[in-house]
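Report on the following structure.
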Amino acid sequence: MGQTYAEKVLGRAVGRPVHSGEICVADVDFVMIQDINGPRTVEILDELGARSLHAPEKALIVLDHFAPPPTVESAGFHARLRAAGRKFGVSVADVGEGICHQLVLERGKALPGHLVVGTDSHSCTYGATGAFGTSMGASETAIALMTGKVWLRIPASLKVSLEGSLQPGVCGKDVMLALMRILGEDGGDYLALEFGGPGVASLGMSDRATIASLAVESSAKAGLFPPDRITLDWLASIGASPDPSLIVAPDPDAVYSREIVIDLDRLAPQVALPPSIDNVVTVSEAEPVKIDGVFIGTCTNARLEDYRMVAAILKGRKVAQGVRCICFPASRSIQLRMIEEGITQTLVEAGCMVMAPSCGPCAGLHSGLVAAGDVVVSTGSRNYPGRMGDDGSRIYLASPATAAASAVTGRLTDPRTLEVVRQ
Amino acid sequence: MKLSGPAIVLGNNINTGVVLAARYMSKQGDPKSLIPHMFETIDPGIPGRLPGSILVAGNNFGVGSIREIVPVLLREAGVRAIVARSFSRGFYRNATNLGLPLAEAEVPGTAERDLMEIDLDTGMVRNLTRGVEAQTAPLPEIMRRILAEGGLVPFFKKYGSLT
């Protein structure tokens, strides 16, 4: 019987062919630790008396959620994580370097066919390059750091077949919101989403990272893009060399739990209405609510390609009176390119606050929380009540283009209704 | 072993950020000080009813962030077990790894404060108040062993490896 992509990748990690449903112990290729669950991970290493790690060079500690620390307590977390990095010989990406998942991708640590785990639920982002990326809690992360192994259940896979190609004003975020409408918050539970079909060729790595990052919002274990020419070209551009024997594809006779087809030719900009990410309609169907704020950032949508779309809409325009627009690039290298390309200039002239790389207010941690009654368009991944502050606020999840267009008009706006400067 | 307690009934897709908002992650000190903040956007009265309770939820309990503090606090607050029609996979792993018993079952008609009972050996879930029962699938071996030791860290301390 044919194997899914997930079965092939996990089979290598386990050391023998595997079948969905089996519980196995697998070797981990890379471990990412961030500053929300990292402190507990380090505490457990101490509790277990760990003196050294299995492969410290295959781990990265990232200080991104509390970057820079908004409280004395979180500053303490960072101090402890830096100390752990020194003690165990693990690299630490300090405040301002970038959001954890973006750094793992940029530094070539998520390679096709590898098992990459992280203490952050959006570790599924690594599926963009064809790594099996998935999230783990602090306890199992500590044990993975000590032993190089995790126990896991091999998931069944759900096939997402993409046809056609993305139209102007539409991007990866819209693809995934449309999929969330079909799947629902639990439609991917215990499954690996596997993306394929001719439409994948119209998705660059940035769009793939957006789509993969949101797999967890359907409770999926992973969101996988089997490597293709686009993957290999992107990896070459960052100087990463994947193992050619790990460039595999799902078998044509692989068995999937379900197949969902999405026609990109007919895909319009989408929005997830509060209070959940599966409460999706097209932006043009949604009521053009008056908004108070726009948040452009997060591991989902803060890459250079996202900011180019934002700048194209904001160029020569102003953020509407009474609306605040706060932007966070996903990494320092993106921040530098934004400066070089004049994007930062455009955003600041339009009236945006352009911040340093950080998770910021996505999880209500700092730098732009919201009050009762606030209506915000966010490029993030979650909009349950209280996510970004008061539970009387309302968060609309959308693409960077929709967010930028809404910032200009002061209402939830379809970006295709504004003329943009083609770059 | 049987666990029993009054039901606290919850809906579908209960996000871990709704069990405890992410912003409390910057608090230090005794995790128990966070218990009053649990479920505060659903019903601020829930923390007072958690001791000795059994949560009875719909689909996809625990979707969202995989912060271990969430099952830790549920346990510290005195929740005996969680019954749900389904669990989000990240929470399922975390709760198992923290020794919090879960039962994937649907017990229709369960109302607030109904007396629930879970038999961890047979996997039978009962609503004793209404006389309704549901059979859960047997837990995989490794999960039973982890739960038996009270969690992954005690398991690892005892056996020194995952196998």
Side-chain angles (χ1 to χ4, degrees), chain A residues 23 25 36-37 39-40 44 47-48 65-66 69-74 76-77 119-123 134-140 142-143 146-147 149-153 155 184-191 216-221 276 278 362-366 369 382 384-387 389 391, chain B residues 12-18 20-29 31 37 40-42 58-72 85-99 139-143 145-146 151-157 160-163:
Chain A
I23 302 224
V25 174
I36 289 256
N37 295 307
R40 179 63 192 140
I44 294 169
E47 270 176 43
L48 292 174
H65 284 66
F66 296 116
T71 60
V72 172
E73 289 83 0
S74 50
F77 294 159
T119 66
D120 187 273
S121 55
H122 293 109
S123 297
T134 196
S135 60
M136 302 257 147
S139 299
E140 47 198 358
I143 286 161
M146 290 173 74
T147 66
K149 295 182 192 296
V150 291
W151 70 268
L152 46 68
R153 191 169 100 176
E185 284 192 87
D186 63 349
D189 200 9
Y190 275 103
L191 298 174
V216 65
E217 306 307 327
S218 69
S219 276
K221 192 171 187 128
S276 65
D278 58 0
C362 172
L365 299 178
H366 61 94
L369 273 60
R382 295 188 175 137
Y384 56 78
R387 170 72 180 174
D391 59 287
Chain B
N12 295 322
N13 301 311
I14 302 293
N15 199 297
T16 51
V18 163
L20 185 80
R23 77 177 123 278
Y24 296 112
M25 289 306 287
S26 65
K27 302 284 184 238
Q28 282 245 44
H37 294 295
E40 63 189 1
T41 61
I42 294 184
N59 288 334
N60 205 25
F61 183 87
V63 62
S65 167
I66 40 84
R67 295 172 282 129
E68 282 192 350
I69 189 76
V70 170
V72 165
R85 193 168 330 110
S86 65
F87 292 92
S88 187
R89 54 94 20 209
F91 180 82
Y92 194 79
R93 290 185 74 80
N94 267 356
T96 303
N97 287 333
L98 270 308
L139 275 186
E141 160 99 18
I142 184 165
M143 286 179 166
R145 291 176 66 208
I146 289 170
L152 186 67
V153 171
F155 177 95
F156 189 76
K157 272 186 189 155
S161 88
L162 286 179
T163 42

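Just so it is clear, the model here is predicted, and its values are computed rather than measured. A, B, ... follow the sequence lines: proteins, then strands. Residue 1 opens every chain.
Evaluation of the ring-ring contact (aromatic ring centres under 6.0 Å, His included) rule for B:Phe156 yields no partner, not counting sequence neighbours. B:Arg67 meets the salt bridge (Lys or Arg N to Asp or Glu O under 4.0 Å) test with no other residue; sequence neighbours excluded.
With rounding to the nearest 0.5 Å, the separation of CD1 in B:Ile14 from OH in A:Tyr384 is 12.0 Å. The CE atom of B:Met25 lies 12.5 Å from the CD atom of A:Glu73; values are rounded to the nearest 0.5 Å.
Checked against B:Ser88 for a side-chain hydrogen bond (donor to acceptor under 3.5 Å, both in side chains), the options A:Ser121, A:Ser218, A:Ser219 give a single hit: A:Ser219. Shown are A:Val216, A:Thr134, A:Leu191; of these, the side-chain contact (heavy atoms from CB on, under 4.5 Å) with B:Arg89 is made only by A:Thr134.
Interface remark: A:Ser139 contributes backbone and side-chain atoms alike to the contact with chain B (heavy atom separation under 4.5 Å). Only the side chain of B:Ile146 comes within contact range of chain A, with at least one heavy atom under 4.5 Å from a heavy atom of that chain. Of the two parts of B:Leu152, the backbone and the side chain both hold a non-hydrogen atom closer than 4.5 Å to a non-hydrogen atom of chain A. Looking at A:Met136, the atoms closer than 4.5 Å to chain B (heavy atoms on both sides) sit in the backbone and in the side chain alike. The part of A:Ile23 that comes within reach of chain B is its side chain, from C-beta onward, which places non-hydrogen atoms under 4.5 angstrom from that chain. With a 4.5 angstrom heavy-atom cutoff, A:Ala220 touches chain B only via backbone atoms. Looking at B:Phe87, only its backbone comes within 4.5 Å of chain A, counting heavy atoms on both sides.
With chain B as partner, the option from A:Ile143, A:Leu369, A:Ile36, A:Asp278 having the largest number of non-hydrogen pairs under 4.5 angstrom is A:Ile143. The candidate from A:Lys149, A:Lys221, A:Arg40, A:His366 with the greatest count of non-hydrogen atom pairs under 4.5 Å with chain B is A:Lys221. Of the residues considered (B:Asn94, B:Leu98, B:Ile69, B:Ile42), B:Asn94 shows the highest number of contacts with chain A, using heavy-atom pairs under 4.5 Å. Counting heavy-atom pairs closer than 4.5 Å to chain A, the top-ranked of the candidates B:Lys157, B:Arg93, B:Arg23 is B:Arg93. The candidate from A:Val25, A:Leu48, A:Ile44 with the greatest count of non-hydrogen atom pairs under 4.5 Å with chain B is A:Leu48. Taking A:Gly386, A:Ser276, A:Ser135, A:Gly188 one by one and counting their heavy-atom pairs under 4.5 Å with chain B, the maximum is reached by A:Ser135. Residue with the most contacts toward chain B among A:Asp189, A:Thr71, A:Asp391: A:Asp189 (heavy-atom pairs, distance under 4.5 Å).
Shortest non-hydrogen contact noted between A:Glu185 and B:Val63 is OE1-CG1, 4.0 Å. Taking each heavy atom of B:Asn15 and A:Arg382 in turn, the nearest pair found is ND2-CD, 4.4 Å. Heavy-atom minimum distance, B:Leu162 versus A:Trp151: CD1-N, 3.7 Å.
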